[in-house]
Amino acid sequence: NAGVTQTPKFQVLKTGQSMTLQCAQDMNHEYMSWYRQDPGMGLRLIHYSVGAGITDQGEVPNGYNVSRSTTEDFPLRLLSAAPSQTSVYFCASSPYIDTEAFFGQGTRLTVV
Amino acid sequence: KQEVTQIPAALSVPEGENLVLNCSFTDSAIYNLQWFRQDPGKGLTSLLLIQSSQREQTSGRLNASLDKSSGRSTLYIAASQPGDSATYLCAVRSGGNFGNEKLTFGTGTRLTIIP
């Protein structure tokens with residue numbers, strides 16, 4: 001099984017550029033979410049979705065947009081990249097609220 | 001607001017020793033607690049999931065316990081091996097301002113097993 005697949009693995013952006021981080025899962029999971037990981041701060045929730053067509057904000061949503069048009073895909077859009085968005089981004093999915101969460105391999109983003 | 005703490009931040013032990021990693025959380029109203037392993041530059045690999053109604057879970061040399069009332073979990077690793085070297089993350093799933101889909105992570109314990 002492919003599990004949770006994130007693309008790209010690495011990306012360098014210039015300040016002000018926009019881009020989309022892709023996340024796809026093939027496990028038919030309803031719940032999907034995006035986290036960012038920064039040194040000394042743990043992973044923090046950006047946005048999440050409880051099913052196709054339903055999204056909501058997490059702890060640190062500013063500067064990011066999401067949409068969920070299908071069960072499988074949950075892209076994260078950076079509207080105008082800033083150096084503060086330099087981080088490692090992880091996508092996660094789980095079948096239900098109280099089940100195991102599965103993570104992708106991450107996207108390492110640098111904004112210069 | 002849920003907060004998760006993992007102490008120590010780093011730990012080095014000789015190969016073959018048994019060891020315990022600690023995780024504490026401030027709000028006992030959790031759905032479950034999950035332990036992950038993260039290798040440098042890699043993603044998170046799920047190790048064990050403990051539901052709020054359970055006391056412990058075992059997988060191979062790993063045993064995780066949960067004491068919800070005191071807000072604590074431990075990950076016990078038996079007969080440690082150099083391949084166990086990694087950062088171990090604890091995460092609790094709980095409700096709150098962001099709805100139900102929220103994992104709150106600790107900052108991890110970086111474990112080094114010395115051959």
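Order of the sequence lines fixes the chain letters, A, B, ..., with proteins taken first and strands second; residue numbering starts at 1 for each chain.
Around the CZ atom of A/Arg77, the shell of radius 6.0 Å holds more than 12 heavy atoms that belong to other residues, nucleotides or ligands. Atom CZ of B/Arg72 has 12 or fewer neighbouring heavy atoms from other residues, nucleotides or ligands inside a 6.0 Å radius.
The hydrophobic cluster containing B/Leu33 also contains B/Leu62, counting ILVMFWY residues as joined when their side-chain heavy atoms lie under 4.5 angstrom apart, directly or transitively. Placement of B/Phe105 and B/Leu75 in two distinct hydrophobic clusters is found when ILVMFWY residues are connected by side-chain heavy-atom separations under 4.5 Å, directly or transitively. In the hydrophobic clustering of ILVMFWY residues, with side-chain heavy atoms under 4.5 Å counting as a link, B/Leu47 and B/Leu49 come out apart. At a threshold of 4.5 Å between side-chain heavy atoms, the hydrophobic network of Ile, Leu, Val, Met, Phe, Trp and Tyr places A/Val66 and A/Leu13 in one connected group. At a threshold of 4.5 Å between side-chain heavy atoms, the hydrophobic network of Ile, Leu, Val, Met, Phe, Trp and Tyr places A/Tyr48 and A/Ile54 in one connected group.
Residues of residues 101-112 of chain A having a heavy atom under 4.5 Å from any heavy atom of chain B, listed by number: A/Ala101, A/Phe103, A/Gly104, A/Gln105, A/Arg108. Applying a 4.5 Å heavy-atom cutoff, the residues of residues 106-115 of chain B that approach chain A are B/Gly106, B/Thr107.
Contact check for B/Lys1 versus A/Glu59: side-chain heavy atoms found under the 4.5 Å cut-off. Counting only heavy atoms from C-beta outward, the side chains of A/Ser94 and B/Arg93 approach each other to under 4.5 Å. A heavy-atom distance below 4.5 Å is found between the side chains of A/Leu43 and B/Leu44.
Scanning all heavy atoms of the two residues, the minimum distance from B/Gln38 to A/Phe90 falls at NE2-CZ, 3.4 Å. Annotation for B/Leu89 and A/Gln37: closest pair CD1-NE2, 4.3 Å, computed over non-hydrogen atoms. Looking at every heavy atom in both residues, B/Leu103 comes nearest to A/Tyr35 through N-OH, 3.1 Å.
To the nearest 0.5 Å, atoms CD (A/Glu100) and CZ (B/Phe36) are separated by 7.5 Å.
A/Lys14 is linked by a salt bridge (charged side-chain N to carboxylate O under 4.0 Å, His left out) to nothing, counting only residues two or more places apart in sequence or in another chain.
B/Tyr31 places no side-chain N or O within 3.5 Å of a backbone atom of A/Thr99 that could act as its donor or acceptor partner.
The list of disulfide bond (SG atoms under 2.5 Å apart) pairs with a residue in residues 29-92 of chain A, not counting sequence neighbours, reads A/Cys23-A/Cys91.
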